Participant: 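Below is a structure I'd like to ask you about.
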Amino acid sequence: MKNSILLPTDFSENAWVATNYAAELANKFNFDLHILHVYQTFGKILGTAEFNEVVAKHNEDAAFSEMDKWEHKVKTKYPNYRSHLPAWMEI
């Protein structure tokens with residue numbers, strides 16, 4: 001089994017510093033790097049079903065968009081980065 005680094009991100013500047021550190025480690029030790037972003041959905045108490053669907057869709061689209069940008073940024077700086085499907089999780 002190949003060793004991996006699981007890197008959570010919130011796409012902040014501090015997360016970019018952590019991403020660089022993790023990518024350097026992954027390159028040095030020939031590990032896979034998996035980037036994970038988790039976002040929260042709102043419960044049904046906050047609004048109508050239609051409102052919740054709109055908010056959920058917005059959050060999902062934003063997560064995918066940011067992850068695509070993040071992965072591009074990583075691949076640009078670290079061309080040897082082995083891409084895995086970007087991970088995102090809804091809670």
Side-chain angles (χ1 to χ4, degrees):
M1 176 182 231
K2 185 161 182 151
N3 290 319
S4 298
I5 297 172
L6 177 61
L7 175 72
T9 186
D10 62 0
F11 309 116
S12 66
E13 288 183 36
N14 287 335
W16 180 243
V17 172
T19 300
N20 284 297
Y21 185 76
E24 292 290 339
L25 283 175
N27 282 337
K28 182 176 181 177
F29 294 107
N30 196 30
F31 288 0
D32 286 339
L33 176 61
H34 302 271
I35 301 173
L36 172 72
H37 175 66
V38 178
Y39 65 91
Q40 183 174 2
T41 59
F42 297 103
K44 296 181 179 172
I45 296 173
L46 293 178
T48 65
E50 184 178 319
F51 172 78
N52 288 330
E53 287 176 24
V54 169
V55 170
K57 179 70 174 144
H58 169 77
N59 287 344
E60 183 177 319
D61 291 346
F64 274 109
S65 174
E66 289 301 313
M67 186 61 84
D68 286 342
K69 290 178 198 172
W70 203 256
E71 189 169 32
H72 176 74
K73 197 172 172 181
V74 171
K75 285 181 178 179
T76 299
K77 186 164 184 178
Y78 302 97
N80 293 331
Y81 168 67
R82 287 182 298 283
S83 178
H84 301 281
L85 289 177
W88 58 272
M89 180 182 293
E90 173 184 330
I91 59 168

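Numbers here simply count residues along the sequence, with the first being 1. Model, not experiment: these values are computed from the prediction.
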Participant: So how far is it from Tyr78 OH to Thr19 OG1, rounded to the nearest 0.5 Å?
Facilitator: 8.5 Å

Participant: Out of curiosity, does Phe29 fall in the hydrophobic cluster containing Val74 (side-chain heavy atoms, cut-off under 4.5 Å, transitive links)?
Facilitator: yes

Participant: Of all the heavy-atom pairs spanning Asp32 and Lys2, show the shortest one and how long it is.
Facilitator: OD1-CE, 3.5 Å

Participant: With a 4.0 Å cut-off on N to O distance, would you call Lys69 and Glu66 a salt bridge?
Facilitator: yes

Participant: What is the minimum heavy-atom distance between Asp10 and Ala15, and which atoms define it?
Facilitator: OD1-CB, 3.4 Å

Participant: When you compare the side chain of Lys77 with that of Asn20, does any pair of heavy atoms fall below 4.5 Å?
Facilitator: yes

Participant: Please tell me if the side chains of Leu33 and Leu7 come closer than 4.5 Å, counting only heavy atoms from C-beta onward.
Facilitator: yes

Participant: To the closest 0.5 Å, what do you measure between CG (Asn59) and CG (Asn52)?
Facilitator: 10.5 Å

Participant: To the nearest 0.5 angstrom, please state how far the NZ atom of Lys73 sits from the CH2 atom of Trp70.
Facilitator: 5.0 Å

Participant: Checking Thr9 against Trp16: is there a side-chain donor and acceptor pair closer than 3.5 Å?
Facilitator: no

Participant: What's the spacing between Ile5 CD1 and Phe31 CZ if we round to 0.5 Å?
Facilitator: 6.0 Å

Participant: Would you call Met67 and Ile35 a side-chain contact if the rule is heavy atoms closer than 4.5 Å?
Facilitator: yes

Participant: If you round to the nearest 0.5 Å, how far is NE2 of His58 from CG of Asp61?
Facilitator: 8.5 Å

